[in-house]
There are 4 protein chains.
Amino acid sequence: MVSKQEQRSEETKKSILASAGVLFSSRGYDAVTMRDIAKEAGCSHTTIYIYFKDKEALLHQLSMPPILQLLEQVDTLLSEDSPPSDKLQAISLRVIEFCLVNRNMYNLFFTVKSVRVDEQTPEMAINQARNKLFGKLTESIQAVLGLNSQDEQLLLYTRIYFFNLYGIIATYSNSDETVEQLMGRLQPTFAESFEVLLIGIRSKVK
Amino acid sequence: MVSKQEQRSEETKKSILASAGVLFSSRGYDAVTMRDIAKEAGCSHTTIYIYFKDKEALLHQLSMPPILQLLEQVDTLLSEDSPPSDKLQAISLRVIEFCLVNRNMYNLFFTVKSVRVDEQTPEMAINQARNKLFGKLTESIQAVLGLNSQDEQLLLYTRIYFFNLYGIIATYSNSDETVEQLMGRLQPTFAESFEVLLIGIRSKVK
Amino acid sequence: MVSKQEQRSEETKKSILASAGVLFSSRGYDAVTMRDIAKEAGCSHTTIYIYFKDKEALLHQLSMPPILQLLEQVDTLLSEDSPPSDKLQAISLRVIEFCLVNRNMYNLFFTVKSVRVDEQTPEMAINQARNKLFGKLTESIQAVLGLNSQDEQLLLYTRIYFFNLYGIIATYSNSDETVEQLMGRLQPTFAESFEVLLIGIRSKVK
Amino acid sequence: MVSKQEQRSEETKKSILASAGVLFSSRGYDAVTMRDIAKEAGCSHTTIYIYFKDKEALLHQLSMPPILQLLEQVDTLLSEDSPPSDKLQAISLRVIEFCLVNRNMYNLFFTVKSVRVDEQTPEMAINQARNKLFGKLTESIQAVLGLNSQDEQLLLYTRIYFFNLYGIIATYSNSDETVEQLMGRLQPTFAESFEVLLIGIRSKVK
DNA sequence: TATGAATGAGTGTTCATTCAT
DNA sequence: GATGAATGAACACTCATTCAT
């Protein structure tokens with residue numbers, strides 16, 4: 001059983017994390033101050049330092065859990081018993097949804113940025129997760145195209161596939177609509193984009 | 001006739017603008033200080049305020065000329081006597097190059113960002129320019145696909161075309177390579193991406 | 001009879017005091033935080049406030065026991081049946097050792113520092129102890145020189161003797177060596193300094 | 001001719017330096033804040049950063065000029081045509097006066113403290129100056145005692161001489177009296193301390 | 001008795017901006 | 001027109017201390 005204190009503490013921490021998430025997403029990491037986060041979370045800015053080492057720690061704690069969850073979901077989708085192209089489609093949509101839910105935070109995942117050599121642990125973790133995600137997507141594309149993993153064409157068309165994916169995310173990451181609205185309205189568009197792209201690619205691969 | 005003073009004055013202003021452009025592009029808007037710009041421009045940081053209301057004004061004045069130049073170049077390309085698909089390809093590559101040259105400044109073009117109600121003029125101007133650019137690209141795509149401008153399919157595939165375009169830009173806008181290096185290395189990749197995409201789209205449009 | 005609770009309580013207090021002593025001595029008063037002390041003492045930092053009004057109170061409580069112990073030892077040395085000059089030598093070396101063991105804490109003994117008018121008790125106590133120590137040393141010097149306690153020369157040469165003593169302490173109070181190392185290495189030097197000084201003084205006194 | 005602006009600027013800088021000097025001396029470097037200095041100097045705390053890189057720079061600018069001046073004066077005294085013992089006496093008194101004028105700042109000269117390896121320039125400069133001073137004093141003592149520079153006795157008695165010197169400085173560096181008052185009142189005492197010490201030492205050296 | 005939670009005051013430092021010249 | 005001087009607001013972060021439990 002958890003005491004009332006522990007409960008309150010947990011609430012405060014969650015509130016800080018949630019506030020930081022909202023603010024980082026809407027205004028960007030640099031533009032958000034610790035006091036902004038505190039005000040949003042309804043506590044003193046010093047309280048944040050009780051739960052998080054510094055501003056950067058906040059950012060990382062904020063980004064690891066969702067990305068790990070995403071990886072798990074991708075794994076689940078990959079292990080399903082369905083045509084490779086269906087899997088790729090599902091994974092792609094899932095990645096899009098994930099990035100839109102985490103809005104501008106996705107920059108954290110997809111840009112290398114500030115990888116300090118001396119204290120590598122947190123960035124390394126994200127780097128690893130990101131590389132894993134890329135690997136899984138590549139794997140899925142490979143299965144769809146029926147290419148050998150050494151084939152130069154695989155790299156080329158994976159890149160191009162990523163352009164489409166990243167373009168979708170970048171286009172709508174600044175939207176004011178909710179993710180539900182966006183996905184509801186545009187999922188067919190996204191699906192179509194992958195479909196036509198794969199048609200084009202297949203015409204080249206063979 | 002312009003006096004010598006006016007001439008010197010104009011030179012200073014241009015120097016400030018040029019310096020700000022270089023610095024904003026290479027280090028990002030936030031990371032550049034007014035003193036940095038002044039040092040680069042060879043004047044005092046207070047001098048900047050004679051010509052520009054504040055730092056943001058600098059950014060806006062800075063973004064109009066290149067975007068206008070881009071529009072002009074796109075117009076030139078459009079008016080050339082060559083196959084529509086060649087034109088679209090050329091325009092697309094030109095837009096990519098433009099966005100990479102202006103790096104993180106391109107956010108200014110493609111995101112709405114901080115539209116203050118009281119003094120809308122500069123944002124409006126950029127909005128107009130951007131809309132024009134989108135219009136021209138759409139027009140070019142329309143010509144390639146041979147679609148009616150009212151056709152729902154036009155909107156759909158233009159959107160998808162933009163995904164690819166925007167994805168390329170977003171992918172490489174944080175790169176440390178020079179634009180020359182990037183374009184030299186990846187232009188074939190970019191071209192291939194547009195080609196396969198159009199193949200796929202055409203197979204649907206008929 | 002003391003209850004178990006009282007016993008535990010006393011232990012905690014002693015632990016805090018001991019930890020603070022170690023830390024103040026090794027890192028200096030200002031550089032040590034209440035949390036540092038608490039961690040070292042194995043309790044919460046708030047617990048410290050149960051036993052001590054504030055950080056400064058800790059410092060004062062910390063300085064009394066050793067200085068009282070020193071006074072006692074000096075008394076023992078004084079009461080021994082040996083030549084006065086041997087006694088003075090022994091006392092001097094003991095004082096040096098004491099000051100080096102308590103390192104930068106010795107400032108507390110030898111400087112007046114922040115005597116608040118409202119709550120004078122702790123400073124008063126230290127003042128008294130210090131004055132007693134000075135008195136005993138003067139007494140010992142007097143015995144060595146065979147001077148009358150009213151003699152002006154006594155004050156003069158006592159002062160000079162203190163210069164030497166204080167100079168030794170000040171010189172080595174910032175050293176990184178342990179007290180054992182320092183005393184082992186330099187005790188002959190210290191002894192020689194007192195010896196030549198007394199030779200010089202005696203040549204003047206008669 | 002200097003403009004009014006330059007004059008004001010110079011005044012501000014001097015005022016900051018003077019205020020920092022007073023405060024560092026009376027309360028110690030760490031206990032003084034940039035805002036304290038600014039208030040004392042009658043300017044904003046940010047103004048300090050116009051003239052000095054950071055707090056440490058202030059400290060070093062504050063300490064170099066006087067120590068260089070001291071070195072010069074010691075050189076002058078050394079080059080005079082008078083008995084070695086008179087020179088040593090004069091130099092010793094000069095060093096005492098210097099340290100009392102610069103009160104607790106002398107800690108900066110005489111303690112090694114915080115010599116960072118990476119950015120050595122400022123500390124190095126002070127280190128050099130201090131070593132020069134020590135060298136000159138040793139040289140002077142050597143001349144008085146007529147010892148060979150390799151003689152072990154020279155090191156021993158130089159050390160002891162320094163104890164006396166440093167003891168005097170440490171004793172009066174916290175005094176509230178002005179330097180004039182102190183020197184006027186105690187110069188005979190200081191002179192006597194050196195005299196008896198040298199008598200004692202000479203009796204050993206030969 | 002003891003503690004985790006929380007905070008206000010304060011640290012050095014930076015920066016866009018204003019003002020007097 | 002141009003600039004050096006100056007500043008207030010803000011930044012991330014720390015710490016001694018208080019409060020509710």
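The figures here come from the full heavy-atom set of this structure, side chains too, leaving out hydrogens, waters and symmetry mates. Quick note on labels: first sequence line is chain A, next is B, and so on, each numbered from 1.
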> Under the 3.5 angstrom rule, does the side chain of T12(D) hit a backbone N or O of R8(D) as a donor-acceptor pair?
Replying inline: yes
> Would you say Y49(C) and M34(C) make side-chain contact, with heavy atoms under 4.5 Å?
Replying inline: yes
At a cut-off of 3.5 Å, list every protein nitrogen or oxygen paired with a nitrogen or oxygen from nucleotides 13-15 of chain F, distance to 0.1 Å.
unit_1, atom_1, unit_2, atom_2, d
dC13(F), OP2, Y49(A), OH, 3.0
dC13(F), OP2, K55(A), N, 3.1
dC13(F), N4, R35(A), NH1, 3.4
dC13(F), N4, H45(A), NE2, 2.9

> If you look at every heavy atom in A20(B) and L58(B), which pair is closest and at what distance?
Replying inline: CB-CD2, 4.0 Å
> Is there side-chain contact between F52(A) and L17(A), with heavy atoms separated by less than 4.5 Å?
Replying inline: yes
>> If I take atom CD in residue E10(C) and atom C1' in nucleotide dA2(E), what distance separates them, rounded to the nearest angstrom?
In response: 16 Å
> For F52(D) and dA5(F), what is the distance between atoms CZ and P respectively, to the nearest whole Å?
Replying inline: 13 Å
>> Between the opening five pairs and the closing five pairs of the helix from dA2(E)-dT21(F) to dT21(E)-dA2(F), how far apart are the helix axes, to 10°?
In response: 40°
> Any idea which heavy atoms bring Y29(D) and K55(D) closest together, and the distance?
Replying inline: O-NZ, 3.2 Å
> Contact class for Y51(D) (heavy atom, under 4.0 Å): base, sugar-phosphate, or nothing?
Replying inline: sugar-phosphate
> Looking at the side chain of T47(D), which of dA6(E), dT3(F), dA6(F) is the nearest nucleotide?
Replying inline: dA6(F)
> Are E40(D) and L23(D) side-chain neighbours, meaning at least one heavy-atom pair lies under 4.5 Å?
Replying inline: yes
>> Without decimals, in angstroms, what is the distance between I50(D) CD1 and dG8(F) P?
In response: 12 Å
> Between D30(B) (CG) and dC15(E) (C1'), how many Å, whole number?
Replying inline: 12 Å
> Rounded to the nearest Å, what distance is computed from the CD1 atom of residue I16(A) to the C1' atom of nucleotide dA12(F)?
Replying inline: 15 Å
> For Q5(A) and dT3(E), what is the distance between atoms CD and C1' respectively, to the nearest whole Å?
Replying inline: 7 Å
>> Donor-acceptor check, side chain of S19(A) to backbone of S15(A), threshold 3.5 angstrom: yes or no?
In response: yes
> Separation of I48(C) atom CD1 from dT17(F) atom P, in whole Å?
Replying inline: 10 Å
>> Using heavy-atom distances to pick each residue's nearest nucleotide on DNA chain E, tell me which of C43(C) and S44(A) is more 5'.
In response: C43(C)
